[in-house]
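Inspection log for the structure reproduced underneath, given as structure tokens.
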Amino acid sequence: MIISGFIMNAQAYRERSYNNHEIRFNMGRFLATTALEGSYEYYFTPDTSIGGTVFFNGDAFGRNGNFGIGPNLRAYFGYNPKSGMFAEAFGLYYTGQSDLENNLGIRDYDYSTTAIGLGLGKKWSTFGEKLTFEMSAGLGRNINPQEFQNTFMFRSGVSIGFRF
């Protein structure tokens with residue numbers, strides 16, 4: 001009975017208290033639009049994390065503007081800690097420009113808006129849990145869209161990361 005207790009304890013899921021911080025670079029967005037996007041994630045449990053994203057884009061007329069910042073909350077599903085399938089809720093404040101044609105010609109409009117949304121993805125990590133690879137996509141709704149803006153916004157990513 002004592003030996004079986006040691007065997008069962010060896011098979012139990014153990015929480016690791018190291019590598020709770022992660023920084024990521026969205027290389028997919030960079031290759032597609034030359035925008036720079038970085039993220040930070042803090043794991044307060046092996047299955048839950050909170051984080052933030054910031055991006056800069058030289059093209060103010062891009063789909064998601066030229067600057068954005070926002071938080072996210074993630075829940076991971078699966079057997080490996082801090083990796084596997086995840087669902088996230090995110091917020092995003094972003095700015096940009098849009099051009100709209102009216103009776104007087106084409107006019108540029110500056111905007112700043114806030115969106116909230118949901119996303120899904122999958123994260124893989126190395127055995128030492130130092131390097132990560134992630135694919136994700138999400139759909140958000142703009143809270144205060146102007147008449148020249150889309151009501152919905154889309155975000156996606158193919159990211160590489162480092163945990164410390």
Side-chain angles (χ1 to χ4, degrees), residues 13-98 110-146 148-164:
Y13 176 74
R14 291 189 183 183
E15 180 179 343
R16 296 184 178 140
S17 61
Y18 58 90
N19 295 344
N20 288 333
H21 305 274
E22 180 179 334
I23 54 173
R24 281 188 309 277
F25 173 68
N26 189 343
M27 65 182 180
R29 184 169 187 167
F30 178 73
L31 293 174
T33 66
T34 68
L36 296 175
E37 179 178 324
S39 299
Y40 169 79
E41 190 170 1
Y42 174 73
Y43 298 92
F44 52 91
T45 71
D47 299 326
T48 313
S49 69
I50 191 165
T53 300
V54 63
F55 73 86
F56 302 97
N57 189 355
D59 181 15
F61 295 99
R63 183 181 49 178
N64 287 343
N66 59 348
F67 171 76
I69 188 168
N72 62 33
L73 176 69
R74 287 185 174 178
Y76 288 89
F77 308 99
Y79 298 108
N80 294 330
K82 304 174 189 172
S83 60
M85 295 292 294
F86 64 84
E88 75 174 347
F90 67 88
L92 185 65
Y93 169 78
Y94 61 99
T95 62
Q97 289 181 349
S98 180
D110 292 334
Y111 65 86
S112 62
T113 188
T114 304
I116 57 173
L118 299 172
L120 295 172
K122 182 155 174 104
K123 181 181 285 190
W124 295 269
S125 64
T126 59
F127 291 113
E129 293 186 18
K130 288 282 190 185
L131 299 175
T132 63
F133 178 76
E134 172 184 308
M135 295 174 53
S136 64
L139 182 67
R141 181 173 172 84
N142 288 324
I143 295 174
N144 55 347
Q146 304 292 329
F148 55 86
Q149 281 185 277
N150 293 331
T151 306
F152 292 95
M153 56 86 63
F154 177 74
R155 65 184 265 186
S156 62
V158 177
S159 304
I160 55 172
F162 176 75
R163 288 189 186 150
F164 55 98

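Note that the structure is predicted; figures quoted are calculated from it, not measured.
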What distance do Phe55 atom CZ and Thr33 atom OG1 have between them, rounded to the nearest 0.5 Å? 9.0 Å

How far apart are the closest heavy atoms of Tyr93 and Ser112, and which atoms are they? OH-CB, 3.3 Å

For Glu37, enumerate each residue passing the salt bridge (charged side-chain N to carboxylate O under 4.0 Å, His left out) test, keeping only those at least two apart in sequence or located in another chain. Arg29

Working to the nearest 0.5 Å, report the span between OG of Ser83 and CG of Asp47. 9.5 Å

Rounded to the nearest 0.5 angstrom, the CD1-OG1 distance for Ile50 and Thr45 is 11.5 Å

Asn66 and Thr95: side chain donor to acceptor below 3.5 Å: yes

Does CZ in Phe25 sit with more than 12 non-hydrogen atoms of other residues, nucleotides or ligands closer than 6.0 Å? yes

Report the C-alpha distance between Leu120 and Met85 in whole Å, list the side-chain angles of each, state the deciding distance to 0.1 Å, and finish with yes or no for side chain to side chain contact (heavy atoms under 4.5 Å, CB included). CA-CA 8 Å; Leu120 295 172; Met85 295 292 294; 5.7 Å; no

With sequence neighbours excluded, what pairs up with Leu131 under the side chain to side chain contact (heavy atoms under 4.5 Å, CB included) test? Thr126, Phe162

Residue pair Asn72 / Leu92, side-chain heavy-atom distance below 4.5 Å: no

Please name the residue in the list Thr113, Thr114, Asn142, Asn57 that meets the side-chain hydrogen bond (donor to acceptor under 3.5 Å, both in side chains) test with Tyr94. Asn142

Could you tell me which non-hydrogen atom of Phe154 sits nearest to which non-hydrogen atom of Gly138, and how far apart they are? CD1-O, 3.2 Å

Euclidean distance, Arg24 CZ relative to Tyr40 OH, rounded to 0.5 Å: 11.0 Å

Would you check if Arg141 and Thr151 make a side-chain contact, meaning some heavy-atom pair closer than 4.5 Å? yes

Scanning both residues in full, the closest heavy-atom pair of Gly84 with Tyr76 reads O-CD2, 4.1 Å

Side-chain donor-acceptor pair under 3.5 Å between Tyr111 and Asn144, yes or no? no

Roughly how far, to the nearest 0.5 Å, is NZ of Lys122 from OG of Ser136? 13.5 Å

Kindly compute the distance separating CD1 (Ile23) from CZ (Arg163), expressed to the nearest 0.5 Å. 12.5 Å

Any side-chain heavy atom of Thr53 within less than 4.5 Å of one from Arg155? yes

When you check the side-chain N and O atoms of Thr132 and Ser125, is any donor under 3.5 Å from an acceptor? no

With Glu22 as reference, evaluate Arg74, Lys123, Lys82 under the salt bridge (Lys or Arg N to Asp or Glu O under 4.0 Å) test and give the passing residue. Lys123

How about Ile116: does its CD1 atom have over 12 heavy atoms from other parts shown lying under 6.0 Å from it? no

Please name the residue in the list Tyr42, Phe44, Tyr43 that meets the ring pair (Phe, Tyr, Trp, His ring centres under 6.0 Å) test with His21. Tyr42

The criterion is side chain to side chain contact (heavy atoms under 4.5 Å, CB included); which residues satisfy it with Ile160, sequence neighbours excluded? Met27, Phe133

